[in-house]
Amino acid sequence: MDFSRVAPCDGDRDFQARAREFLDTHVDEAALDAERSAGTGVLRDVHRAMGADGWLRAEAAGADAGGLTTVQQRIWDLERRRIGLPLERWGSTLMILQAVEGFASPELRDEVVERVYRGEALLCMGYTEPEGGSDIATCRTRAVRDGDDWIVNGQKMFTSGADVCQYVFLLANTDPQGGRHRNLTMFLVPLDTPGIEVRPLHTVDGDSTTVTHYTDVRFPDRYRLGDVDDGWTVLSGPLAAEHGAGAPADAGLTDVTMMSNFGMAMAVSADSAVRIAGDPDEDGTRSLDDEAVAYRLGRAHARIEAALSTPNLFGRVAIAQTMRDLAPELMDVGGGSSVTGAAGAEYLYRRAPLIGIYGGTIDVFRNMIAQHILGLGRPTYAAPTV
Ligand SMILES: Cc1cc2nc3c(=O)[nH]c(=O)nc-3n(C[C@H](O)[C@H](O)[C@H](O)COP(=O)(O)OP(=O)(O)OC[C@H]3O[C@@H](n4cnc5c(N)ncnc54)[C@H](O)[C@@H]3O)c2cc1C
């Protein structure tokens, strides 16, 4: 890992000033508060303004295609995190966009990509089903060919953003008799297609996800991505990105793992707990002077630092587990003062379980690490002996 410091050039400083000015102009605390209650994962007006100002195109294009340089991307990431801008919907859109670029017909690319760049279209992930659980390859949502169209019937759980996005990246079964991973096809379906019903589902952290029902949903074949029954190939890129399976870039300027943004939110919360513990009471006592409190806060900071420095799948597990372990500690130390908005440990406490569920549970990731990285073999789930 490269820990060298990067000296920003004048252009980078100008870029940072421009980013701050944009965010100061378009994002206000009331909108952030409202989003924290609604949990939509996007500030739509700000997102559209980003599209109009060219920020989305520059970020999606990346350095090689004349978009943001690596340093600019890091600055842009940090500036948005500094103010707590919700980016969940844009994050999933970027992951899906790589499949659209790689597998959509030219006609579909023309329809979707420019709309995404302009901030007019967001894309969400429709993989999980009520019965399927973590193993999304057991998909039962059925897509049947009818002339030039497809007809879809089924149900998806936890399609986050289906209520605010314009397209769903839909995993469907196109051959119920086919072999595992060889019977699935991916589609990018406009969410205003008749027959799609989206029901909001609120989670304990204030997030909002959805249940989606598909009843005789008919759309043309141009909304298919990749070959029929080869959806697993199309899905593999977005899934790897969501799992954080890739190695961090050499320049040392990218997050070393997925969910680093939540890791940084945890660091902000821990800093806030230190400030609270350092505030003297009416009689001048500071809880930070209690060695037990100081020890717990010190240990919390060390664990956060370690989690944030741990790469790829290991880091993802480390961040989720650290958050689960530390959130109650920080609440305990902060007492009633923990309930103070986004930086409060109470908010962290409600978020912690979910960070270890979406995009794959930490148990599943631990198994993946054991099997694929440590080479410990495939787990067997034998029936318990009684
Ligand atoms: C807030 C939220 C947002 C989400 N957003 C999306 C989204 O946008 N799109 C989408 O498609 N899905 C989404 N999901 C679904 C999420 O990816 C799944 O909930 C997750 O993969 C777990 O699946 P499950 O809930 O069916 O649990 P199950 O798979 O039924 O798991 C139940 C328990 O069994 C354990 N378990 C299961 N399999 C294994 C295994 N192989 N090894 C060890 N333990 C195992 C799990 O860890 C868990 O404790 C979201 C979920 C939440 C909570």
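Start at 1 and go down the list; that is how both ligands and their atoms are numbered.
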All N/O donor-acceptor pairs, side-chain side in residues 363-373, below 3.5 Å, sequence neighbours left out:
{"unit_1": "Arg366", "atom_1": "NH1", "unit_2": "Gln321", "atom_2": "OE1", "d": "3.3"}
{"unit_1": "Arg366", "atom_1": "NH2", "unit_2": "Gln321", "atom_2": "OE1", "d": "3.2"}
{"unit_1": "Asn367", "atom_1": "ND2", "unit_2": "Tyr381", "atom_2": "OH", "d": "2.9"}

*asked:* Test of understanding: with salt bridge (Lys or Arg N to Asp or Glu O under 4.0 Å), list the residues that count as partners of Glu59, not counting sequence neighbours.
replied: Arg80

*Report the relative orientation of the aromatic rings in Phe219 and Tyr223; use parallel for angles under 30°, tilted for 30 to 60°, perpendicular for over 60°.*
perpendicular

For ligand 1, list all ligand N or O to protein N or O distances below 3.5 Å, rounded to 0.1 Å.
{"unit_1": "ligand 1", "atom_1": "5 (N)", "unit_2": "Phe158", "atom_2": "O", "d": "3.1"}
{"unit_1": "ligand 1", "atom_1": "5 (N)", "unit_2": "Ser160", "atom_2": "OG", "d": "2.7"}
{"unit_1": "ligand 1", "atom_1": "8 (O)", "unit_2": "Phe158", "atom_2": "O", "d": "3.2"}
{"unit_1": "ligand 1", "atom_1": "8 (O)", "unit_2": "Ser160", "atom_2": "N", "d": "3.0"}
{"unit_1": "ligand 1", "atom_1": "8 (O)", "unit_2": "Ser160", "atom_2": "OG", "d": "3.3"}
{"unit_1": "ligand 1", "atom_1": "9 (N)", "unit_2": "Met125", "atom_2": "O", "d": "2.8"}
{"unit_1": "ligand 1", "atom_1": "9 (N)", "unit_2": "Phe158", "atom_2": "O", "d": "3.0"}
{"unit_1": "ligand 1", "atom_1": "11 (O)", "unit_2": "Tyr127", "atom_2": "N", "d": "3.0"}
{"unit_1": "ligand 1", "atom_1": "11 (O)", "unit_2": "Thr128", "atom_2": "N", "d": "2.9"}
{"unit_1": "ligand 1", "atom_1": "11 (O)", "unit_2": "Thr128", "atom_2": "OG1", "d": "3.1"}
{"unit_1": "ligand 1", "atom_1": "12 (N)", "unit_2": "Thr128", "atom_2": "OG1", "d": "2.7"}
{"unit_1": "ligand 1", "atom_1": "12 (N)", "unit_2": "Phe158", "atom_2": "O", "d": "3.4"}
{"unit_1": "ligand 1", "atom_1": "17 (O)", "unit_2": "Gly359", "atom_2": "N", "d": "3.4"}
{"unit_1": "ligand 1", "atom_1": "29 (O)", "unit_2": "Ser134", "atom_2": "N", "d": "2.6"}
{"unit_1": "ligand 1", "atom_1": "29 (O)", "unit_2": "Ser134", "atom_2": "OG", "d": "2.6"}
{"unit_1": "ligand 1", "atom_1": "41 (N)", "unit_2": "Tyr381", "atom_2": "OH", "d": "3.2"}
{"unit_1": "ligand 1", "atom_1": "42 (N)", "unit_2": "Asn367", "atom_2": "ND2", "d": "2.6"}
{"unit_1": "ligand 1", "atom_1": "42 (N)", "unit_2": "Tyr381", "atom_2": "OH", "d": "3.2"}
{"unit_1": "ligand 1", "atom_1": "47 (O)", "unit_2": "Thr361", "atom_2": "OG1", "d": "2.7"}
{"unit_1": "ligand 1", "atom_1": "47 (O)", "unit_2": "Asp363", "atom_2": "OD2", "d": "2.4"}
{"unit_1": "ligand 1", "atom_1": "49 (O)", "unit_2": "Asp363", "atom_2": "OD2", "d": "3.3"}

*asked:* So that I can tick it off, tell me whether Arg109 and Glu101 are bridged by a salt bridge, with the cut-off set at under 4.0 angstrom between side-chain N and carboxylate O.
replied: no

*In chain order, what residues pass the side-chain contact (heavy atoms from CB on, under 4.5 Å) check against Arg218, with sequence neighbours excluded?*
Asp146, Asp149, Ile151

*May I ask you to say whether Arg296 pairs ionically with Asp332, meaning some side-chain N is under 4.0 Å from a carboxylate O?*
yes

